[in-house]
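Working notes, beginning with the structure itself.
For this chain, numbers begin at 1 and follow the sequence in order.
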Amino acid sequence: MKQRILLSGVALTLAAYTFADDHQHLPTPNDTLKTHEIKGLEVVARTGGMRRMAGAINGMKVEKDELFKAACCNLGESFTTNPSVDVSYSDAATGAQQIKLLGLSGTYVQMLGENLPAFRGSASPFALRYVPGPWMKSILVSKGTSSVKNGYEGITGQINVEYLKPNDPKKTEINLFGNIDGRFEANIDLNRHFKNNWSSVLLGHYENESAEHDSNKDGFMDSPKIQQVNLQNRWHWANERQIFHGGISTLHERRKGGNTRHHQMPDIDPFQIGISTHRYEAYLKHAFILNKEHGTNIAFLGNGAIHQTDADYGLKAYQANEKNLYLQAAFETNWGVMHNLAAGASMQHDYLKQEVRWTHDLTQQLSPINQRETTAGLYAQYTFNLHHKIVAMAGLRADNSNLWGWFVTPRVHIKYQPIDLVGIRLSAGKGYRTVHALAENHHLLSSGRTIVMDDLQQEDAWNYGISTAWNIPLWRKTLKLNAEYYYTRFGNQVLFDYDRSVNAIHITNLEGKSYSHTFQIDATYPILEGLDITAAYRYTDVKATYGGVLREKPLTSRYKGLFTASYKTPLGKWQVDATFQLNGGGRLPQWSSVAGLSTDADQRYSAFGQLNAQVTRWFRTFSIYVGGENLTGFTQQNRIIDAHNPWSSTFDPTLVWGPTRGAMAYVGVRVKL
């Protein structure tokens, strides 16, 4: 019955889009395709790519042209050409992914969807696959503590996803994708403009990955089978005094992993993993323009989400019903051309109902773990802009949590650009985070090791950064050079200690020091007409105190080298893109020799390279792309410890540092109707 209602609703919405009255189109500055008519001729120019963000905050805006350089089927696959952001698998069994920014895990990166909090708690292990690539208009990646307007989180930065807009040009786009591993995806974007200034966009996504692969013959799938249906409907209305945005979305996903059907362990019961997810979201933004000349406005924003997870890891079980609500009232105004003031109030409510079976004992009852936090706060932020030569932004917010009481978040960003050729940015700020250790890492239940969790405290850290950007004229072209350094120092941190025992994972509070040093340099230069290259190098030093000893954080590469080349023919019909990454080695847990992961003499993993390439043929109303990922074919062979004894306490698929899948080829088509 529910399926019939859902299908009926989709059919009615599609009908409304099909028979909508055509309405006037007001082009926006962010349109990916710019069209100009000159004496009957139509000239289409593709703009965008990856560029530095303006203002005092250091970051990059990744636009749709940059996303088209790779398959980019979802948010997790959209950072292939980005030198700052790393995306890797958290384990070799569930397909959970994590972002790393400034050498630290993605939990310290604040995830936003159009400047509203997104994918909190139990949604975070698989959230990178919840945002289809064709839905994204751009991605904004900021480094260091960002604006206080978005809250007190985001210790190492923010990733804000901008979706396709309802008021974009009227169109219908379809994207189809398939690869040799049996993965198929279909996406649709229906944009319609109605009377009375209303516009809407319907986004649909379906994917099915049903094949089993076991490249290292350990009896376990290299990645789980996944089936996902994802729908989103967004609306926009505006006049001279008001702007309204609103929308709803729903997602349903099923993952199946574990032993293959043909595993070579006839005397052992098969170890199966099943994860079912249902997610429902709604958001609302309503702004009132009080004085257009001075940019004075007041806005009310909010979003809510219900995230339900039902997971089986062998005989272990995890169930979660999470509810998130965010509300914000914001005021902003300019006086003169140099001064801006933003102030407001916000409220974040997280309710997490969890039930867990910790062992492979079916007689053990599910243990309830409920967490509830409501945090309300006030903020003010002042920005001084002297002819874009000096931009200073200082913000302060005070929040009160029912768990942690009052805490204050100060943040400062300064940009100095004496000439157009050079810019310098400085930043300093503090961030806080409430840890939902099991919800954010429930994939750890796939391990046979016992999870030992202390009474965890709120995390807090200071982040300091300096960056320089240079535009150097060189041989009638411009060399864009960037160098930056960031230092993060934790007051308190929740650590996942893999070193203490071969049979347990200890989740503890920091006792001692914990810090991260990150240095990066990158350069972009157009060697030939239509040929752009980017080279980048990043060095990371991340250490924390484990068991009273200051150690390098395990499973974290010390350095990364990146080289990208993109060539487009003069008429723009053909485009060739290639990316090579060199990922430096790192430390393995000190007991890894006991587990057979390394030798006593070398408890480290070595550097490895990865090559991705894609060729795109552009036509007037569609494009075809063919490419390959991990063409070097490198994979981590011993990615599951004790794979032939999955019911033991030493079984562990969570110590992943390299690719779990070998070379893969794909083909896709993008159609614009």
Side-chain angles (χ1 to χ4, degrees), residues 52-61 84-85 99-112 115-118 120 139-160 326 328 330 340 342-344 346 348 375 377-384 391-399 401 404 406-416 423-435 458-469 482 484-494 510 514-520 540 542:
R52 295 282 163 190
M53 291 168 54
I57 297 176
N58 182 31
M60 299 194 73
K61 184 176 183 180
S84 302
V85 181
I99 278 178
K100 287 187 178 180
L101 183 64
L102 305 186
L104 296 168
S105 67
T107 53
Y108 302 113
V109 180
Q110 186 178 22
M111 298 296 298
L112 302 172
N115 287 309
L116 292 171
R120 302 172 63 83
I139 307 171
L140 282 75
V141 181
S142 61
K143 297 181 182 180
T145 51
S146 192
S147 169
V148 295
K149 292 191 292 185
N150 298 122
Y152 53 85
E153 298 177 318
I155 292 173
T156 60
Q158 291 179 341
I159 293 180
N160 180 43
Y326 177 80
Q328 181 183 2
N340 172 271
S346 65
Q348 176 73 57
T375 305
L378 301 170
Y379 70 86
Q381 181 173 280
Y382 168 72
T383 303
F384 172 78
V391 182
M393 185 177 75
L396 183 71
R397 64 176 298 131
D399 291 274
S401 164
W404 316 113
W406 284 97
F407 51 95
V408 177
T409 308
R411 294 176 180 179
V412 177
H413 295 265
I414 299 173
K415 177 186 177 183
Y416 175 53
I424 302 172
R425 286 184 172 95
L426 300 172
S427 68
K430 195 171 187 180
Y432 299 85
R433 200 178 81 85
T434 297
V435 180
Q458 185 186 42
E459 293 184 305
D460 67 272
W462 282 91
N463 181 280
Y464 309 90
I466 179 172
S467 65
T468 61
N482 177 72
E484 58 192 33
Y485 165 75
Y486 282 89
Y487 171 59
T488 307
R489 177 176 57 83
F490 284 89
N492 184 58
Q493 184 182 20
V494 172
L510 173 68
S514 178
Y515 61 80
S516 167
H517 295 280
T518 303
F519 170 77
Q520 178 177 309
T540 303
V542 185

Of all the heavy-atom pairs spanning [X] and [Y], show the shortest one and how long it is.
X	Y	answer
S142	I57	CB-CG2, 3.8 Å
S84	Q520	OG-NE2, 3.3 Å
F490	I155	CE2-CD1, 4.4 Å
A428	T145	C-OG1, 4.0 Å
K149	A342	CD-CB, 3.8 Å
N160	N115	OD1-N, 2.8 Å

Any chance the side chains of [X] and [Y] put a donor and an acceptor closer than 3.5 Å?
X	Y	result
N58	Y486	yes
E484	N482	yes
Q348	Y152	no
S146	Q110	no

Original post:
Can R425 and K143 be said to form a side chain to side chain contact (heavy atoms under 4.5 Å, CB included), step by step?
Top reply: CA-CA 11 Å; R425 286 184 172 95; K143 297 181 182 180; over 6 Å; no
Original post:
Quick one: does E459's side chain have a donor or acceptor within less than 3.5 Å of a partner on V494's backbone?
Top reply: yes
Subject >> Those residues that, when tested against T156, pass side chain to side chain contact (heavy atoms under 4.5 Å, CB included) (two or more places apart) >> reply: L101, L102, L104, Y108, V109, T488
Original post:
Partners of T107 by side chain to side chain contact (heavy atoms under 4.5 Å, CB included), sequence neighbours excluded?
Top reply: S105, R433, E440
Subject >> Trace of the side-chain hydrogen bond (donor to acceptor under 3.5 Å, both in side chains) decision for Y326 with Q328 >> reply: CA-CA 7 Å; Y326 177 80; Q328 181 183 2; 2.9 Å; yes
Partners meeting side chain to side chain donor-acceptor pair (under 3.5 Å) with [X] (sequence neighbours left out):
X	result
K415	Q417
Y487	none
Y485	H517
S514	Q493

Original post:
Counting only heavy atoms not in Y416, do more than 12 sit closer than 6.0 Å to its OH atom?
Top reply: no
Reported [atom1]-to-[atom2] distance for the pair [X] and [Y], which is rounded to 0.5 angstrom:
X	Y	atom1	atom2	answer
S346	L378	OG	CG	8.0 Å
D399	E153	CG	CD	9.5 Å
L426	I466	CG	CD1	5.0 Å

**OP:** Please name the residue in the list K430, Q458, R397 that meets the side chain to side chain contact (heavy atoms under 4.5 Å, CB included) test with F407.
**Re:** Q458
**OP:** Given side chain to side chain contact (heavy atoms under 4.5 Å, CB included), test V408 with L396 step by step and report yes or no.
**Re:** CA-CA 7 Å; V408 177; L396 183 71; 3.4 Å; yes
